[in-house]
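If you read the sequence from its start, that first residue is 1, and numbering goes on from there.
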Amino acid sequence: MKLPASPEALAAEYGPHPAYAPPGGWEGASRQSVDKLVKTHCCFCGQQCGIQLKVADNKVVGFEPWEEFPFNRGMLCPKGVRRYLQSGHPDRLLSPLVRTEQGFRPTSWDDALATTVTRLRALQEQHGKDAVAVYGGASLTTEKAYLVGKLARVALGTRHVDYNGRLCMVSAGTAYKQVFGVDRSPLPWSDIPEAQVLFIIGANIGECAPITTDHVWRCRDRGGRIIVADPRMTPITRNADLYLPLRPGTDAVLLMSMLHVILRDGLEKRAFIEAHTTGFAEVEASVKGWDPLAAARVTGVPPASIEKAAHWFAEAERAIAMHARGLEHQSKGVENCLALINMTLACGHIGRVGAGCTMITGQGNGQGGREHGQKCDQLPGQRSISDPAARQHVAKVWGIEESALPQAGLSAMEIMEAIHRGEIKGLLSICFNPLVSLPDSAYVREALEKLEFFCVIDFFLSETAQHADVVLAGSLQEEDGGVVCSAEGRVVRIATAVTPPEGARADSAILCELGRRLGQPERFAFASPREIFTELREASRGGVADYAGITYERLEAEMGIFWPCPSEGHPGTPRLFEGGRFYHADGKAHLQAVADRPSGDPVSDEFPTFLTTGRVVSQYLSGTQTRRIGPLHDQCPEPFVELHPRLAAAHGISDGDRVTVTSRRGVLELPAKVVTTIRPDTVFIPYHWPGKRSANVLTHRTLDPRSKIPEFKVSACRIARAAGEPRRLPVVSG
């Protein structure tokens, strides 16, 4: 299915058009009295900052700080400050759309839903249940994520359901479950200022999790030391005490070398290791060959810096390791995380105030969105879909036979591969823009064009939705409340501040109506998110991510509750592993030895430069929302190629020149941003834009074999000044 109209025609009608004023304009907003002030949370990243939305005439027209909420204490980043500009946006979808030969046309809800159900059923009748796949999203409320998994497995009966969190946290989650037996940050963010050392690796906190910088600076203000490991000197590095400028893809070697130094110098906590872990002998043997000199040759980090970082981390009474996508977006992302956990546990930095390792969740409900059933291998409560007891429990809650529950399906990128093979014919997607988000975008576009039927639920027409047969006009976060789980493991309440505008519907209502029309009326009879959450609590009861004791009333009264919370009298669990007790049956942490291996897209004479990708502070994920918010668009209106002066000089490139970047998959032309804060062998491109501006034109489809996460952070490329670009004076090498 190629586009039903030209990209230019679709953009003219559906955007993105940047909005600069609230509904009614600034003058109207200033004169209009506010009907109510609603305490809720930001719709963007995994920090889930508290915010108060100003509502007038059933529209969000502004915000006020929520200073009492403990995580952010009223502070917001540029995205949070401008989020309200989505309400009343001119690009908002206000009716279902169906594809025609001339573009999209509005249709009735009954027609759109009937078409969707008829087409999906026909594909399954002809090709089998698994000929249809479902995509969910990590920005959905937990109730909606739960519904996506249930809809796929009960109403459609397909095993193929996955979500865009597959591009975010799954390497960390896999590693944490293997070692700790649970996938969650072990500590609340209030522990961060209590640490004596913070080791931040692969985490651009200043741009990707801005409010977390406040916690980091409070640690620094109390005398804590900050170590940062990254190929780029991101904003958090400017005040670091030690910077480790490692080559992309060499994180595991750096971490194994640090552990080598710790063991060589007798800095490990042997009593803790013997009492609370298994597998340490294998880990110890695996790092013996990685002395700092050997590691320096691979990582590019000076041996003295490796020594210093290891000593600071191990000798501290309390240290915290913080990591994000830089560590995880690799074909060896699980090994990278395991190496960091091994070092943390060897030093006994776990289960105490100011000590531990923690993943910085990127997406709005990245934690909650994977806990309750839209992940291809997981059932509600963070249960494994292959566990017979877990299957029996969830099947009973859903009122089906355990044998009717499908087994594990394909991950997000593997679903695209199955479409190419002709195994998957139909796709239902919500809150996912894979044409911008997935690697090798030409390959993804070809997959979308091969689908026999494609339905999208969204509130804007994303680049992916332009390929759909049916688009169902869904809801903004504030129009369909529920709960989400923040980066620190705190479940918080998303309030319903307004109702969807006429013509659109709440996502949860759409999912339930699809479930009913697919022949399961009694199993999708929910009238509200509260009713969905009541069932979710039962489905999670007794699981690792136990929400049984969490209620909407408690969340509002207590400003969130940390899971597990098995009963209504339970206070929640802000800090895991206190007393050295882990979630495996033997109560111990199961250390895992790791080994280095090459990237799936190695540099070569033809492609000698490392390419890495990431975010900028004003944009969020695929940009479907933030590219439509005028002030955020203006802050960074287009992507760029960030490169070091030495690399720029070698190619005759000056700041602002157009640069051609070529990988084994595609070519991109973008303006140069020449900076001294990146390694001379590396270029960086932010990934929030589509089409000819998409960084994922260049990235590759190599997956981590365990987490199935794509290797966004390590690709090979070559650069050149773009053809026709006038020569300027070369930059001065530095």
*Asks:* Under a 4.0 Å threshold between the charged nitrogen and the carboxylate oxygen, would Arg693 count as salt-bridged to Glu638?
*Replies:*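 Looking at Glu638 and Arg693, the cut-off is not met.
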*Asks:* Determine whether Asp480 and Ser508 make a side-chain contact, defined as any pair of heavy atoms from C-beta on separated by less than 4.5 Å.
*Replies:*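 Yes, close enough: below the 4.5 Å cut-off.
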*Asks:* What pairs with Tyr84 under ring-ring contact (aromatic ring centres under 6.0 Å, His included), at least two apart in sequence or on another chain?
*Replies:*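 For Tyr84, no residue satisfies ring-ring contact (aromatic ring centres under 6.0 Å, His included) once neighbours in sequence are set aside.
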*Asks:* Should the pair Arg530-Glu553 be classified as a salt bridge under the 4.0 Å nitrogen-to-oxygen rule?
*Replies:*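 Here Arg530 pairs with Glu553 in a salt bridge, since their nearest N and O are under 4.0 Å apart.
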*Asks:* Between Glu513 and Arg517, is there a salt bridge with N-O shorter than 4.0 Å?
*Replies:*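 Yes, Arg517 and Glu513 are salt-bridged.
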*Asks:* Does any pair with a residue in residues 617-635 pass salt bridge (charged side-chain N to carboxylate O under 4.0 Å, His left out), and if so which ones, sequence neighbours excluded?
*Replies:*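 Counting only pairs at least two positions apart or across chains, the salt bridge (charged side-chain N to carboxylate O under 4.0 Å, His left out) contacts touching residues 617-635 are Asp91-Arg628, Glu463-Arg627.
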*Asks:* Could you label the plane-to-plane angle of the Tyr547 and Trp563 rings as parallel, tilted or perpendicular, counting under 30° as parallel and over 60° as perpendicular?
*Replies:*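 Geometry flag for Trp563 against Tyr547: tilted rings.
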*Asks:* Name all residues meeting the salt bridge (charged side-chain N to carboxylate O under 4.0 Å, His left out) criterion together with Arg665; count only those two or more places apart in sequence or in a different chain, and write none if there are none.
*Replies:*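 Applying salt bridge (charged side-chain N to carboxylate O under 4.0 Å, His left out) to Arg665 gives Asp601.
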*Asks:* Decide if the gap between the ring center of His467 and the ring center of Phe454 is smaller than 6.0 angstrom.
*Replies:*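 Here the rings of Phe454 and His467 have centres that are no less than 6.0 Å from each other.
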*Asks:* For the rings on Phe533 and Tyr552, is their centre-to-centre separation under 6.0 Å?
*Replies:*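 They qualify: ring centres under 6.0 Å apart.
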*Asks:* Please round to the nearest 0.5 Å and tell me the distance separating atom CG of Asp377 and atom CZ of Arg383.
*Replies:*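 Going from the CG atom of Asp377 to the CZ atom of Arg383 covers 14.5 Å.
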*Asks:* Before we go on, tell me: are the rings of His41 and Phe69 under 6.0 Å apart, centre to centre?
*Replies:*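 Ring centroids of His41 and Phe69 are less than 6.0 Å from each other.
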*Asks:* Salt-bridged, Arg537 to Glu531, with N to O below 4.0 Å?
*Replies:*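 No salt bridge links Arg537 with Glu531.
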*Asks:* Could you check whether any side-chain heavy atom of Val148 comes within less than 4.5 Å of a side-chain heavy atom of Ile430, counting everything from C-beta outward?
*Replies:*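 Yes; the side chains approach each other to less than 4.5 Å.
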*Asks:* Are any of the side-chain nitrogens in Lys375 or Asp162 under 4.0 Å away from the carboxylate oxygens of its partner?
*Replies:*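 Salt bridge between Lys375 and Asp162, a charged N being under 4.0 Å from a carboxylate O: no.
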